[in-house]
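This report refers to the structure that appears directly beneath it.
All residue numbers refer to positions in the sequence shown, counting from 1. Everything quoted here is computed from the prediction, not taken from an experiment.
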Amino acid sequence: MALELYKLDQEAHDLVSKHSQHKDALTQAYKMRMTVVYGLERFWGEHLRLQGVKADYWKETWNKLAEIVSQTGIKLPTDSDR
């Protein structure tokens with residue numbers, strides 16, 4: 001099982017560059033980029049990095065998040081997708 005990257009940080013970088021002439025937008029974009037993008041990519045891969053009970057906890061937590069979010073029509077990847 002390999003970690004699949006979705007280039008969220010690159011996409012966030014591109015959006016920041018697009019709106020960089022607006023100081024307020026730049027500040028907000030930076031905050032969101034640092035929290036959402038880093039958080040989601042780390043969260044997704046955490047069960048791969050850890051072992052044992054900790055890995056199981058993070059995998060179940062991610063799967064529960066995917067289940068909850070799917071109710072809005074957003075599909076997050078899970079290992080069962082493979």
Side-chain angles (χ1 to χ4, degrees):
M1 164 178 4
L3 176 63
E4 187 171 339
L5 300 177
Y6 293 93
K7 299 181 182 173
L8 295 174
D9 192 54
Q10 183 61 50
E11 295 293 340
H13 175 270
D14 294 347
L15 288 169
V16 169
S17 292
K18 179 179 177 182
H19 296 279
S20 64
Q21 69 276 14
H22 306 290
K23 184 180 181 208
D24 291 339
L26 186 60
T27 301
Q28 289 303 307
Y30 176 76
K31 289 177 186 177
M32 293 304 288
R33 182 178 173 206
M34 294 307 294
T35 55
V36 175
V37 175
Y38 177 76
L40 279 176
E41 285 197 348
R42 173 137 189 223
F43 192 20
W44 164 240
E46 199 66 0
H47 75 280
L48 300 172
R49 185 180 73 80
L50 299 171
Q51 297 176 3
V53 175
K54 289 181 183 179
D56 293 342
Y57 168 77
W58 284 110
K59 184 173 183 342
E60 285 187 46
T61 302
W62 178 267
N63 289 343
K64 182 54 73 175
L65 174 64
E67 178 186 318
I68 292 167
V69 170
S70 72
Q71 296 172 25
T72 67
I74 298 171
K75 185 171 178 6
L76 294 177
T78 63
D79 288 338
S80 62
D81 295 336
R82 295 170 192 240

Rounded distance [0.5 Å steps], [atom1] in [X] versus [atom2] in [Y]:
X: E60; Y: E67; atom1: CD; atom2: CD; answer: 11.5 Å
X: K64; Y: T78; atom1: NZ; atom2: OG1; answer: 12.5 Å
X: E46; Y: K54; atom1: CD; atom2: NZ; answer: 9.5 Å
X: H47; Y: T61; atom1: NE2; atom2: OG1; answer: 11.0 Å
X: L76; Y: I68; atom1: CG; atom2: CD1; answer: 10.5 Å

Can a donor-acceptor pair be found, under 3.5 Å and without considering hydrogens, that links the side chain of W62 to the backbone of P77? yes
Are W58 and V69 connected in the hydrophobic side-chain network, where two residues link if heavy atoms are under 4.5 Å apart?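 Yes; V69 is reachable from W58 via cluster members.
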Are I74 and L65 linked, directly or through other ILVMFWY residues, by side chains that come within less than 4.5 angstrom of each other? yes
Can you confirm whether more than 12 heavy atoms, excluding those of Q21, are under 6.0 Å from its CD atom? yes
Identify the heavy atoms of A55 and L50 that sit nearest to each other, and give their distance. CB-O, 3.5 Å
Set out, in order, the CA-CA distance, both residues' side-chain angles and the distance that settles side chain to side chain contact (heavy atoms under 4.5 Å, CB included) for K18 and D14, then state yes or no. CA-CA 6 Å; K18 179 179 177 182; D14 294 347; over 6 Å; no
